[in-house]
Amino acid sequence: MQPTNTLRAIPTAARVHRFTYAIRNIVTEAQKVEAAGTRVRYLNIGDPVAFGFHTPPHLIAAVERAMRDGHNNYGPSPGIAPARQAVAAEYTRNGFPVAPDRVCITAGTSEGIELALSAIVDDGGEVLVPMPTYPLYTAVLAKLSARAKYYRLDPNHQWLPDLEHLKSLVTPETRALVVIDPNNPTGAVYPTDTRRALLAFAEDHGLVILADEVYGDLGFDGPVAPLGLLDPDAAIISFSSLSKAYLAPGWRTGWMAVGRSPRLDDVMAAVKKLADGRLCSTVPMQYAIAAALEGDKSHQVGFRKDLKARSDLTLSRLRAMPGVTCVEPTAAFYAMPRVALPPGRTDEEYVKALLHATGVLCVYGSGFGLPADQGFLRIVFLAPLDELREIYDLMASFTASYLRT
Ligand SMILES: Cc1ncc(COP(=O)(O)O)c(C=O)c1O
């Protein structure tokens, strides 16, 4: 007789139920629409390579060379020396002095964020996270049994942080402040006075700032300086990667830079200890870091210009739709419009209805932590201009009829 145990599904951990990631979750819905024969336009994931932008050839050459030269072994867990040196030199050039031994090379910004949060936050610890947020922060905090405390970004003030709200959220359990600047999902860049206010707030409360600067080179007016420029002695950990400005998201190659403040010495040691557990990040790709940061960056000039043109088109088309408003993005490739939903409707219903009717796939604002009745959604505007025009035509006629019903 067969033991009954073999018939039962193997149970999964409770943390999985707390872990959500709307940017990818919505794809299941899109696949159903595709299976029914509708062409889906994927505007959910911020991957420039998927939209025809090319990884610079000198980065590919550096990785190829590394493989041919036999760098296919495990590497040091915080990263190979030339990569750590290149990252430290880049921050130092940009006004945030960082030593190579304060750099850890990671599997993208994502792994850096996970390592830092794991090193800093205990069960039940609280982290101040922007609302809307890039959802990885809340997903990782859920995994750690820690709590995200959302501070509002204000769409009536260019999506800048609401400092009074932020101040009201601090408790003895607060461990860190997440600052995403330039921002995903809003496309905002914070002015200097806002940055100074965030630094002063963190300093007053003894908090470390987790500065997500993965879009730092993609300000439409040129690169945005790291937050650490304003106070190199502040407790700041900065994160970035080759994914966005260097057009190599699939390489999963990034870094974290820990500020020189001695208050961060224990955190640095903790990060290195945790990094030992995953052995190292992908070694051949690490050889592209020095090539990227010290080599030709001219591709970024054209990329920023292309992004600005797409942003301008997006903004003018969205603002021309009755019932739709949108703050002007100033960096990256995201816009966060708001649709004035009829009472009782949610952002997710609107986004799914748009998907089913037109094949256009965006992510609903509640996937980034916003209240579902506010009607926000995020658009990735990386598609070519002609395709974006078609997409906004579809969206305009769908939205007009959705808001009439
Ligand atoms: C704000 C932000 N942080 C981190 C990431 C993750 O990037 P990476 O590919 O470097 O892990 C993204 C990706 O979209 C992002 O938008």
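Read the numbers this way: they start at 1 and go in the same order the structure lists the ligands and their atoms. As a basis for the values below, the full set of heavy atoms in this structure was taken, side chains included, without hydrogen atoms, waters or symmetry mates.
Under a 4.0 Å heavy-atom criterion, Glu111 is not in contact with ligand 1. Within the structure, the closest approach of Phe239 to ligand 1 does not fall below 4.0 Å when heavy atoms are considered.
Aromatic rings from Phe381 and Tyr334 are positioned such that their centres are separated by 6.0 Å or more.
The aromatic rings of Tyr350 and Tyr402 lie perpendicular to each other, with more than 60° between the two planes, well past the 30° mark. Note: Phe303 and Phe333 have tilted aromatic rings, judged against thresholds of 30 and 60 degrees for the angle between ring planes.
The atoms of ligand 1 that sit less than 4.0 Å from any heavy atom of Ser241 are 10 (O). Residue Gly108 has at least one heavy-atom neighbour below 4.0 Å for each of these atoms of ligand 1: 10 (O), 11 (O). Contact atoms of ligand 1 toward Ile180: 1 (C) (distance under 4.0 Å to a heavy atom of the residue). Proximity to Lys244 (heavy-atom distance under 4.0 Å) selects the following atoms of ligand 1: 13 (C), 14 (O). Annotation for ligand 1: atoms under 4.0 Å from non-hydrogen atoms of Thr109 are 4 (C), 7 (O), 8 (P), 10 (O), 11 (O). Here is the list of ligand 1 atoms found below 4.0 Å of a heavy atom in Arg252: 8 (P), 9 (O), 11 (O). Listed by number with element, the atoms of ligand 1 under 4.0 Å from a non-hydrogen atom of Ser243 are 8 (P), 9 (O), 10 (O).
Of the N or O atoms in Tyr215, one or more lie within a sub-3.5 Å distance of an N or O in ligand 1.
Among residue pairs with one or both ends in residues 179-196, those qualifying as salt bridge (Lys or Arg N to Asp or Glu O under 4.0 Å) are Asp181-Arg195; sequence neighbours excluded.
A donor-acceptor pair under 3.5 Å links the side-chain atoms of Thr92 to the main chain of Val98, judged by distance alone. Side-chain N or O atoms of Thr399 include one that pairs as donor or acceptor with a backbone N or O of Met395 at under 3.5 Å.
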Worksheet entry | Evaluation steps, salt bridge (Lys or Arg N to Asp or Glu O under 4.0 Å), between Arg41 and Glu390 | CA-CA 10 Å; Arg41 328 270 191 141; Glu390 282 170 35; 3.1 Å; yes
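Both the backbone and the side chain of Ser110 come within 4.0 Å of ligand 1, counting heavy atoms alone.
Qualifying side chain to side chain donor-acceptor pair (under 3.5 Å) partners for Ser261, counting only residues two or more places apart in sequence or in other chains: Arg263.
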